[in-house]
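As the structure is a prediction and not an experimental result, all values here were calculated from the model. Labels below follow one simple rule: chain letters A, B, ... track the order of the sequence lines, proteins then strands, and each chain is numbered from 1.
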Protein chains: 2
Amino acid sequence: METEQFQQVRRFNRVVTGRIGVLSDNYLGSGRPLGEARLLFEIGRDGANVRDLRERLSLDSGYLSRLLRSLERQGLATSQRASGDARVRRVALTPKGRKEWNALDRRSQDLAVSLLAPLGERQRERLLAAMEEVERLMRASSVTIEPVDPGSVDARRCIEAYFRELEERFEAGFDPARSTSADPGELVPPAGLFIIARLDGQPVGCGALKVNGRRVGEIKRMWVAPSARGMGIAQRLLEALEKHAVEIGLDVLQLDTNRSLNEARALYARNGYAEIPPYNTNPYAHHWYEKRGLKRQNSPESKRIGGRP
Amino acid sequence: METEQFQQVRRFNRVVTGRIGVLSDNYLGSGRPLGEARLLFEIGRDGANVRDLRERLSLDSGYLSRLLRSLERQGLATSQRASGDARVRRVALTPKGRKEWNALDRRSQDLAVSLLAPLGERQRERLLAAMEEVERLMRASSVTIEPVDPGSVDARRCIEAYFRELEERFEAGFDPARSTSADPGELVPPAGLFIIARLDGQPVGCGALKVNGRRVGEIKRMWVAPSARGMGIAQRLLEALEKHAVEIGLDVLQLDTNRSLNEARALYARNGYAEIPPYNTNPYAHHWYEKRGLKRQNSPESKRIGGRP
DNA sequence: TCCATTACCTGACTATAGTCAGATAAATGA
DNA sequence: TCATTTATCTGACTATAGTCAGGTAATGGA
């Protein structure tokens, strides 16, 4: 990465926070302290549980409690025990509070208007397109990848979603029991690995590495949530698995895949996997791939290549 | 403008402030109160005048004074009378302060790194390009256009810059005295108009309207600072002048221009100006343009078109 | 059934940010 | 030269934001 690139990010940072900051101070500076305004806005039209508010705004519970009391004193919100769990409180806006909420919402709309209004049609379109791209890629860059226990809740949730999707996409449906298995025990370090990708804390993808021989590993369970596709997550999962494979001394990676998973096949082809004859009897597999010479290619010096555009 | 567009802006706002905000809290949350950190950073490697700091950070003078005192107590900065004007104080960082400054600078670098590092080469390039576009267009949208007295300091500065540029670009140089004049008196409402474009308070362009007959006006002094080109400012200046022309009842606009000003000619052509025979004897003019039927075209209902891409 | 946990609240703090009304000294313009 | 303006400082405030240590009641699992 070049210095020039960092400069660009910093310039962006400055301009954007300058422009959005000023206007969004205003958006929240509604004659009401920032904390209260944020809270009021976060409660929303439909109300919310105090617990969720605390997490979303990451506020100290005492502080939040006091803020809520203040809103209640001003007649903007009311709270009562949540049905189901009497420990949690549910807050809702009063009609007066809803009016304030609308005012805040309008302010945030005004920001958008004041940003777009001075521009011509063409510039406006370009700004919006660029904003969408920045937003998408910044979200992509906030995706984290980490190893987890394949038996953990998040991992199991990913695998279930993965199986459900296979069931849907394979012409003949999918029954995990008939597929070549990957026992959770095989996907635990140091031999194997199970990793998941998270976006804002939520799991949005997974991948696994299984060791099949002294120098041969197998890629399994590669999946990305439909909502998170096009962010280059599969590429990063694959890279992470390859990196681990190298670390534990593997030199060859194999995998099988179904003919209806086109993106997957494109991904593997892009990353140097070559099609080989069947190495197993997985009834759902139509294509088998192999990548040799991992160590050479994934040495620390080599630069990243590719990544979904 | 569509609701969908506002939604995009708001989504962008949320994601960007979420991601940059968190990291830039960190960037300034250097174990030091935000105000102090901002001030320390703003003083910069080379020091600054207290007056400028006050304006840049828009702080209350008492508050700033106290913050400075605090930095001095911590041995991070020193201040002395500015040479030249003994009222103003000049603040400079001590070696220790400079070290802190570097730490802050590094943090801001880290933000850039953490944003770019998870992305692949291709995504990184796209993010940077999109950031540049957003930055450029947000700057463009913060350009304001307002009428000023043509004799004001800012107006005169623009005109001087304009003349200097003509001098440079015309094959035969440029002498204001030989050109067809526009007396400042002619560029004052209600008859004429002189407008300037500002970016961050600084004048970056101008334009004028002169009334030549009961229904005929003339566009003069159209100029945009080289540093602010490609932001659609000329287009907006022209639109503002046309709008005023309509308001004061003009129906025809004329203008002349030199053959070396290609962007200008493209601008006029794009906006419905047609080349006509010479209507004056300006020795620097090679092309004469006219736009008829202003009232019809620039009615409040009609949408903006064009704008520099 | 009981005990750890969870969700929330209260009281007692502290730190940060910011405002406002003068006071002082240098510079500026008539 | 003298009144005004400018740049800064000081003292005396207030508001906001946030922390922390306990307390109470409901919940859930052993």
Side-chain angles (χ1 to χ4, degrees), chain A residues 21-22 24-43 47-74 76-92 100 104 153, chain B residues 21-22 24-43 47-74 76-92 100 104 153:
Chain A
V22 165
S24 99
D25 276 0
N26 173 47
Y27 141 65
L28 289 168
S30 51
R32 181 176 301 293
L34 187 79
E36 271 184 23
R38 281 205 305 164
L39 176 56
L40 176 63
F41 194 74
E42 205 62 34
I43 293 172
N49 292 336
V50 172
R51 177 181 36 178
D52 302 335
L53 292 171
R54 195 167 46 236
E55 203 193 342
R56 283 215 293 273
L57 297 166
S58 51
L59 292 177
D60 174 83
S61 90
Y63 184 30
L64 175 57
S65 190
R66 241 176 295 272
L67 283 177
L68 279 173
R69 217 76 333 113
S70 163
L71 289 184
E72 285 177 21
R73 256 201 319 280
Q74 296 172 64
L76 299 165
T78 54
S79 63
Q80 56 185 59
R81 312 195 137 174
S83 60
D85 189 336
R87 285 171 306 178
V88 327
R89 277 187 95 72
R90 183 156 191 89
V91 197
E100 290 268 327
L104 288 175
V153 179
Chain B
V22 165
S24 102
D25 276 0
N26 173 47
Y27 141 64
L28 289 167
S30 50
R32 181 176 301 294
L34 187 79
E36 271 184 23
R38 281 206 305 164
L39 176 56
L40 176 63
F41 194 75
E42 205 63 32
I43 293 171
N49 292 334
V50 172
R51 179 180 34 179
D52 302 336
L53 292 170
R54 195 167 46 237
E55 204 193 341
R56 285 215 291 274
L57 298 166
S58 51
L59 292 177
D60 174 84
S61 88
Y63 184 31
L64 175 56
S65 188
R66 240 176 295 270
L67 283 177
L68 279 173
R69 216 69 343 106
S70 163
L71 289 183
E72 285 176 22
R73 256 201 318 279
Q74 295 172 65
L76 299 165
T78 54
S79 62
Q80 56 184 58
R81 311 196 137 175
S83 61
D85 187 337
R87 285 171 306 180
V88 326
R89 276 187 95 72
R90 183 155 191 89
V91 196
E100 289 267 328
L104 288 175
V153 179

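- Listed here is the closest heavy atom pair of A:Ala82 and A:Asn49: CB-OD1, 4.3 Å.
- Counting to the nearest Å, the P atom of D:dC20 and the CG atom of A:Leu59 are 14 Å from each other.
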Could you pull out every donor-acceptor pair under 3.5 Å between side chains of residues 66-74 of chain B and any protein atom, sequence neighbours left out?
residue	atom	partner	partner atom	Å
B:Arg69	NH1	B:Ser65	OG	3.3
B:Ser70	OG	B:Glu36	OE2	2.6
B:Ser70	OG	B:Gln74	NE2	3.0
B:Glu72	OE2	B:Ser79	OG	2.7
B:Gln74	OE1	B:Arg32	NH1	2.8
B:Gln74	NE2	B:Glu36	OE1	3.1
B:Gln74	NE2	B:Glu36	OE2	3.4
B:Gln74	NE2	B:Ser70	O	3.3

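- Taking every nucleotide of DNA chain C with any atom under 4.0 Å from a non-hydrogen atom of chain B, the first and last of them, 5' to 3', are C:dT16 to C:dA27.
- Between A:Ala77 and A:Val91, the shortest heavy-atom distance links the atoms CB-CG1, 4.0 Å.
- Note that the CZ atom of B:Arg89 and the CZ atom of B:Arg81 stand 7.5 Å from one another [nearest 0.5 Å].
- A search for side-chain contact (heavy atoms from CB on, under 4.5 Å) contacts involving A:Asp85 returns A:Arg87, A:Val88, not counting sequence neighbours.
- Note on the helix from C:dT1-D:dA30 to C:dA30-D:dT1: angle between the axes of the first and last five pairs equals 20°, rounded to 10 degrees.
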Handout entry: Per-nucleotide protein contact string for nucleotides 1-10 of chain D, where B marks a base within reach and S marks sugar-phosphate only (heavy atoms under 4.0 Å, - for neither)
Key = -----BSBBB
Distance-only donor-acceptor pairs under 3.5 Å for side chains of residues 50-58 of chain A, two or more places apart:
residue	atom	partner	partner atom	Å
A:Arg56	NE	A:Glu42	OE2	2.7
A:Arg56	NH2	A:Glu42	O	3.0

